[in-house]
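Heads up: the structure comes next, in structure tokens.
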Amino acid sequence: MVRTGSVARRVFSRLKLALLLTGAGVGCGGEPGTPEADPGDTAEAQAQALSYPSGSSQTVVSRRVVYRDGSGAYQAAAGFEQFRAAGASDGTLHNIRIAEVDAPAVREALVIMSAGQKISSSGHSSGVTGQASNWDASCNSVSCPNVSLDGRSLAMKLRALGWFPSGRTYLSVVNDNNFDHLFDSDTKQRIVNGFSNWLQAQVRPETSAIYLAGSSRGGCLMMRLAQALRANTALDGIDIYVSSFDGVCRNSQGELGTFDSKINNPVRPWGTFYGAWATNLTAQFPRRGRLHIFHVVGGQEVAPATGIRAFSGYAGSTPPSTGTNLDWGWYKQTWVKWKHKEIGNPYTDPSASNQAQAVAETVDAHLTWLDARLP
């Protein structure tokens with residue numbers, strides 16, 4: 001795959017930053033009305049937030065992987081047959097909706113990004129995919145024909161940067177993964193199998209990289225998807241990159257190896273109990289060649305008194321009571337002070353004075369990490 005070199009990419013980012021700081025560009029969001037950074041933010045956070053300007057907003061069609069035809073019968077959607085073949089119920093699969101943003105014939109890279117779990121009658125906004133909270137307003141029994149993806153999102157920023165050129169990259173965003181935290185383990189495994197088989201069907205002889213990114217339950221899904229892909233020796237020649245934004249796996253099921261030992265967030269706000277369920281990720285990923293994972297974790301309990309919170313890797317024989325930032329080469333983890341929803345969408349949930357720093361430590365931090373690892 002032909003890409004701009006890492007050094008050239010960083011020079012390009014600094015040039016854009018210089019233009020922005022001298023008034024030739026726009027703010028962090030790249031759109032009028034974007035709040036300016038709080039003067040109290042660190043210079044590094046401000047610079048990082050400005051290093052990756054917005055891409056173009058896109059309007060896409062998000063299709064159900066299993067739809068209802070005119071008679072009300074379930075049918076597998078063309079191109080998504082792998083989901084139904086994996087055996088999850090049609091009712092479960094009907095809620096999974098995926099937008100294929102770019103689907104060229106040549107696929108040197110595959111990029112899949114997922115929002116978190118949709119937990120109410122309204123949609124789920126995401127700074128990863130770029131969807132708004134009302135993204136599902138146009139949905140029918142077959143698709144959601146008018147889904148807008150915000151140019152400030154990870155998906156659209158990455159697309160604009162051209163590190164994975166759109167003419168040679170398959171890019172899909174999962175607006176609703178229906179990877180429900182409360183589903184039983186068998187149903188979850190069938191969903192993972194469906195995603196894995198669908199993604200592997202997109203691999204071409206020229207494919208050299210796969211980038212997976214997701215927030216909350218989407219983060220857990222992408223981690224489990226990476227497990228399945230790395231376990232397949234036929235894909236050993238492909239680099240797999242994973243970005244997890246406060247990824248949430250169910251500890252009571254041992255999902256992703258999580259168990260009932262909480263690692264406290266070392267930068268948690270005063271008076272909070274932010275922390276994450278421990279998991280031995282080295283054991284979860286025995287085959288780590290050409291695997292690159294970055295997890296940004298806050299660990300706020302997603303809903304009070306539920307025990308639903310993000311995961312944390314740890315080193316050593318037992319997890320520590322309080323965590324530290326980790327960098328094992330193949331796995332990097334950074335703790336942040338932000339709430340769960342602020343990590344998942346730093347453009348809507350933090351206060352205006354905190355937005356620039358939140359973007360810098362979430363969306364743009366992942367871009368900086370990816371930039372340093374791409375060949």
Side-chain angles (χ1 to χ4, degrees), residues 88 92 114-119 124 128 177-193 195-196 212-228 230-231 242-269 272-286 293-326 328 331-344:
T92 297
S114 178
Q117 182 175 334
K118 183 176 179 290
I119 57 175
H124 177 88
V128 176
N177 57 48
N178 203 31
F179 195 51
D180 196 303
H181 187 267
L182 298 179
F183 281 164
D184 61 79
S185 296
D186 180 68
T187 298
K188 289 177 180 176
Q189 187 61 60
R190 291 173 187 270
I191 292 173
V192 170
N193 292 346
F195 272 100
S196 174
L212 310 171
S215 65
S216 191
R217 284 296 295 167
C220 185
L221 173 61
M222 293 301 128
M223 291 289 287
R224 294 190 58 181
L225 185 53
Q227 282 183 310
R230 197 70 301 167
V242 187
S243 286
S244 174
F245 293 72
D246 215 36
V248 172
C249 298
R250 189 174 179 182
N251 63 303
S252 62
Q253 292 176 331
E255 190 175 20
L256 197 69
T258 54
F259 59 97
D260 290 335
S261 183
K262 183 165 78 76
I263 301 174
N264 291 318
N265 181 339
V267 296
R268 62 191 183 278
T272 69
F273 297 93
Y274 293 7
W277 296 124
T279 176
N280 183 340
L281 287 176
T282 301
Q284 292 298 304
F285 290 92
I293 300 174
F294 182 30
H295 180 46
V296 171
V297 57
Q300 180 200 29
E301 199 170 27
V302 176
T306 61
I308 301 174
R309 59 176 75 246
F311 67 84
S312 170
Y314 66 92
S317 57
T318 58
S321 60
T322 299
T324 58
N325 291 341
L326 304 172
W328 303 337
Y331 178 75
K332 180 177 180 179
Q333 178 176 299
T334 301
W335 292 92
V336 295
K337 66 181 181 181
W338 310 111
K339 296 177 181 178
H340 182 70
K341 290 179 68 177
E342 292 172 340
I343 297 171

* Do N264 side-chain atoms and S321 backbone N/O form a donor-acceptor pair below 3.5 Å? -> yes
* Asked: Should S215 and D246 count as side-chain neighbours, where that means a heavy-atom distance under 4.5 Å?
  -> no
* Counting distance only, does the side-chain N/O of W335 pair as donor-acceptor with the main-chain N or O of G299 below 3.5 Å? -> no
* To do: Would you confirm whether Q284, through its side chain, and Q227, through its main-chain N or O, come within 3.5 Å as a donor-acceptor pair?
  => no
* K188 side chain to H181 backbone, donor-acceptor under 3.5 Å -> yes
* For F273, does its backbone N or O pair with a side-chain atom of E301 as donor and acceptor, under 3.5 Å? -> no
* Asked: If you look at every heavy atom in G307 and N251, which pair is closest and at what distance?
  -> O-OD1, 3.9 Å
* Asked: Does some side-chain heavy atom of R224 sit less than 4.5 Å from a side-chain heavy atom of Q189?
  -> yes
* SG on C220 to CZ on R250, rounded to 0.5 Å -> 11.5 Å
* Asked: So, does Q300 use its side chain to make a donor-acceptor pair with the main chain of H340 at under 3.5 Å?
  -> yes
* To do: Search all heavy atoms of S114 against all heavy atoms of G218 and return the closest pair with its distance.
  => OG-CA, 3.8 Å
* To do: Nearest 0.5 Å please: distance from the CG atom of N280 over to the OG1 atom of T258.
  => 12.0 Å
* For A226 against V242, the heavy-atom pair lying closest together -> CB-CG2, 3.6 Å
* **Interatomic spacing from OH in Y314 to CG in L326 - rounded to 0.5 Å** => 12.0 Å
* **F183/N178 under side-chain contact (heavy atoms from CB on, under 4.5 Å): CA gap, chis, key distance, verdict** => CA-CA 10 Å; F183 281 164; N178 203 31; 4.0 Å; yes
* Asked: So, does R309 use its side chain to make a donor-acceptor pair with the main chain of G275 at under 3.5 Å?
  -> yes
* To do: Report the C-alpha separation of R217 and E255 in whole Å, then their side-chain angles, then the decisive distance to 0.1 Å, and conclude whether the salt bridge (Lys or Arg N to Asp or Glu O under 4.0 Å) test is met.
  => CA-CA 11 Å; R217 284 296 295 167; E255 190 175 20; 2.8 Å; yes
* Asked: At their closest point, which heavy atom of A310 faces which heavy atom of V297, and how far apart are they?
  -> CB-CG2, 3.8 Å
* Are there more than 12 heavy atoms of other residues, nucleotides or ligands under 6.0 Å from atom NZ of K341? -> no
* Asked: Are side-chain heavy atoms of V192 and F179 found at a separation under 4.5 Å?
  -> yes
* Does any non-hydrogen side-chain atom of L281 lie less than 4.5 Å from one of M223? -> yes
* Asked: So do the side chains of L225 and S196 get within less than 4.5 Å of each other, counting heavy atoms only?
  -> yes
* **N177 side-chain N/O to A115 backbone N/O, donor-acceptor pair under 3.5 Å** => yes
* For S216, does its backbone N or O pair with a side-chain atom of Q117 as donor and acceptor, under 3.5 Å? -> no
* **Heavy-atom pair with the smallest gap, counting every atom of S312 and I263** => OG-CD1, 3.7 Å
* Asked: How long is the gap from OG on S252 to CH2 on W277, to the nearest 0.5 Å?
  -> 9.5 Å
* Between T279 (side chain) and L256 (backbone), is there a donor-acceptor pair under 3.5 Å? -> yes
* Structure fact -> Taken to the nearest 0.5 Å, the spacing of Q333 CD from I293 CD1 works out to 11.0 Å
* Classify the ring geometry between H295 and F311 as parallel (under 30°), tilted (30 to 60°) or perpendicular (over 60°). => parallel
* **Closest heavy-atom pair and its distance - V336, V267** => C-CG2, 3.6 Å
